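Residue numbers begin at 1 in each chain, while the letters A, B, ... track the order of the sequences. Owing to the predicted nature of the structure, the values given are computational and were not obtained by experimental measurement.
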Protein chains: 2
Amino acid sequence: MRAVPSHATLTDVAREARVGTTTVSRVINGGERVSPATLERVQKVIQRLGYQPNHAARILKGESTRTLGLIVPSVADSFFSTCAEAAQKVSRLHHFLLIVTSSNNHGPTELENLNVLIQHRVDGVLIAPAVSHNKELVEVLKRTAIPVVSFDRPIYNSSVPSVVSNNYKGAWEATRHLLSHGYKRIICFGFKGEDSLYTIKERIRGYRQAIKEAKLTAEVDMSISDCESAELAVRTHLQGPNPPDAIFALKNLATIYTCEALQKMDIPVPATIALIGFDDFELASTLNPSITVVKQQIEQIGEVATTLLFEQVKARKKSGVRGSQNERNSETTRLETELILRNSCGCGRR
Amino acid sequence: MRAVPSHATLTDVAREARVGTTTVSRVINGGERVSPATLERVQKVIQRLGYQPNHAARILKGESTRTLGLIVPSVADSFFSTCAEAAQKVSRLHHFLLIVTSSNNHGPTELENLNVLIQHRVDGVLIAPAVSHNKELVEVLKRTAIPVVSFDRPIYNSSVPSVVSNNYKGAWEATRHLLSHGYKRIICFGFKGEDSLYTIKERIRGYRQAIKEAKLTAEVDMSISDCESAELAVRTHLQGPNPPDAIFALKNLATIYTCEALQKMDIPVPATIALIGFDDFELASTLNPSITVVKQQIEQIGEVATTLLFEQVKARKKSGVRGSQNERNSETTRLETELILRNSCGCGRR
DNA sequence: CTGAAAGCGCTTACAG
DNA sequence: CTGAAAGCGCTTACAG
């Protein structure tokens, strides 16, 4: 017995089965051009040894790794974990493995993750970029032979196609809806440090546009980070000289913390202040009042992005050419959002 | 220009820098025993070519892959995505990559994932096994040289250590708490098809024990799968000959759907029926009434399991021996749960 | 139907 | 400080 048995190799199998390595290789890869008797004998040995081909050796021979990489800010965020699940579903259909990494919305970590994925020679990368303007990322992407698709956020000045929600329109519609209820002082609540996120900027842009069309004054508060900060923000604004009569929360957690704060402070919604949030969430319809939200097609974002990526992967494999020919794929797919009317905006109860 | 430029190789770098491959290898691996001048020249070429070492070739040379595999039922489940995030954090600290795969609680898919991870020669595997009694899984595990730690659920008849919550005690305490409020007809709500899950069985066992100690009758309804089925279950039981006065929901989604159903049917909680759920969840404290829950230390489960796995990985690497010596690690780490008292159980409002 | 041999891109004694 | 050469575990023309 050897000291470190480690894994059985193809050569081990060949020796035990008394055949050449070529034959074993054929057996593993479908058994073409192998006699039934040999096939069976080799398969028995494979079974007995618990042989699993060494993926690394295959890659070295230029085989596809049949692996996709995914880079998201956080897998604990329900938006991204839903995308990841969708990406995994599509990957499995293609018999691909998905490597999930998280960047914490931190540029350097993201770049590091990308390099690790490149070292693993993944066949393609899905990325929700931490920063949409990122020269270094664009440089690495330009140099790599690997197809990339971004989702939730685009990558500017790159040839990378992206799949995003129509954040601008969704926010515009939500704000318009609040205006239609007669609210005049609508304030925007966002997360601390997320001013520069593409999605947030787009939503603010939509909000501002609607406010502008109504000839009212826009106000954005990006100080939310937890329930306490939401409470502080609400209190501050309500006690100010020109208190708001409605809140537009820019993302799921901002909405949730705002709900918790309003509830804790016993502020009647929508009587004293109305609320619409971007992103639907579990229990939004069960809260009292139920919360009106802008719903994104999250699964579809993950699904469409992954499907798009596979198209590129397959195309590349076929043509054997890389780089320049995907320049023309630099398109943005925009998925529409849906305004789900519940009670927090002032719409009547069923 | 070549037709398929693909990736630059170490040999490319060596040629361009007019050095041997050994030297380039040294530069990539820390630059020991390389003169400063050479070091700089080689690094410049690496930069210029955007060279990234081929991970596969390193593995072939017996290097560690610096990769861990994770198998969970679903990354979209907040419990598991929280575990995954924790595992990723710990992995990153060790400069390891984490490959996340999902099994859908489906034995064959799980086994397939495990085999793919073995093919990738990951240095260790974290798994929340779909089925705790799984002979085939145990067989594969026994044969493989790779360290494995299970979490959330153990793997029976194997030498795999596991990290789980004290589900039994948590459920027993929750039931006892309901009993202390004077409820006599406490019913258990669980998810369809999850009767055989370790965690669920443990929780039911704790519930039954508490009921038995109170000399009352236990009843378990495993028909929940969404809001509608929860509504049906609630209606059926309330209209029955011996209507319940309290519900113990066996996991997060069961609690959430039950809340939605009760709210939709306008059933006063806890007046008509009280509720305690296993697993805390976002907004549990904001619902009206707020929901009393058994809280698990989710991050810790992921963290402890990953740390345990790294200990094994490092030990293996050092000793160079495998298999038998980890038999004695077959221990179960049990993390305590916490009963968070809110209003749905009948405890007074603040 | 079958197999010997070359080679993928690295690392590592070994010799200088 | 530096490099030629062997070899990791596969796949694949090529020859039979």
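- Checked for salt-bridge contact, B:Lys44 and B:Glu40 meet the test: a charged N lies under 4.0 Å from a carboxylate O.
- Between the side chain of A:Thr22 and the base of D:dT12, a donor-acceptor pair under 3.5 Å is found.
- Counted by atom type alone, B:Asn104 and B:Thr109 present zero donor-acceptor pairs between their side chains at under 3.5 Å.
- Across C:dC1, C:dT11, D:dT11, the shortest atom-to-atom separation from the side chain of A:Asn29 is found for D:dT11.
- In this structure, the nucleotide among C:dG9, D:dC1, C:dC1 sitting nearest to the side chain of B:Thr38 is D:dC1.
- Comparing B:Thr23 and B:Ala57 against DNA chain D, the residue whose closest nucleotide sits nearer the 5' end is B:Thr23.
- In terms of position on DNA chain D, the residue among A:Leu60 and B:Pro36 whose nearest nucleotide sits closer to the 5' end is B:Pro36.
- Rounded to an integer number of Å, the gap from CG of B:Asn54 to P of C:dC8 is 12 Å.
- Across all strands shown, A:Val19 has heavy atoms under 4.0 Å from sugar-phosphate atoms exclusively, and none from any base.
- Scanning atom types as modelled, one donor and one acceptor separated by under 3.5 angstrom connect the side chain of A:Arg26 and the base of C:dG3.
- Computed from coordinates, the A:Gln52 CD to D:dG9 P distance equals 15 Å when rounded to whole Å.
- Spacing between C:dC14 and C:dC10 at atom P, rounded to whole Å, works out to 24 Å.
- Look at CD1 on A:Ile118: it is 17 Å from C1' on C:dG9, rounded to the nearest Å.
- When both pairing distances are held under 3.5 Å, D:dT2 makes a Watson-Crick or G-U pair with C:dA15.
- Both A:Thr21 and B:Ser25 lie close to DNA chain C; mapped to their nearest nucleotides by heavy-atom distance, the more 5′-ward contact belongs to A:Thr21.
- As a whole-Å value, the separation of A:Ile59 CD1 from C:dC10 P is 12 Å.
- Ring geometry for A:Phe151 versus A:Phe80: interplanar angle over 60°, hence perpendicular rather than tilted (30 to 60°).
- Between A:Phe310 and A:His94, the ring-plane angle classifies as parallel under the 30° and 60° cut-offs.
- Rounded to an integer number of Å, the gap from B:Arg15 CZ to D:dA4 P is 14 Å.
- If you check every strand for non-hydrogen atoms under 4.0 Å, B:Arg33 touches a base.
- Counting heavy atoms of neighbouring residues, nucleotides and ligands inside a 6.0 Å radius, atom CZ of A:Arg48 exceeds 12 of them.
- For C:dG9, the base has no donor-acceptor partner in the side chain of B:Lys61 [N/O atoms by modelled type, under 3.5 angstrom].
- Per the geometry, NE2 belonging to B:His120 stands 15 Å off C1' belonging to D:dG9, to the nearest Å.
- For the pair B:Leu10 CG and C:dC8 P, the interatomic distance rounds to 13 Å; values are reported in whole Å.
- Whole-Å rounding puts the B:Leu49 CG to C:dG9 P distance at 13 Å.
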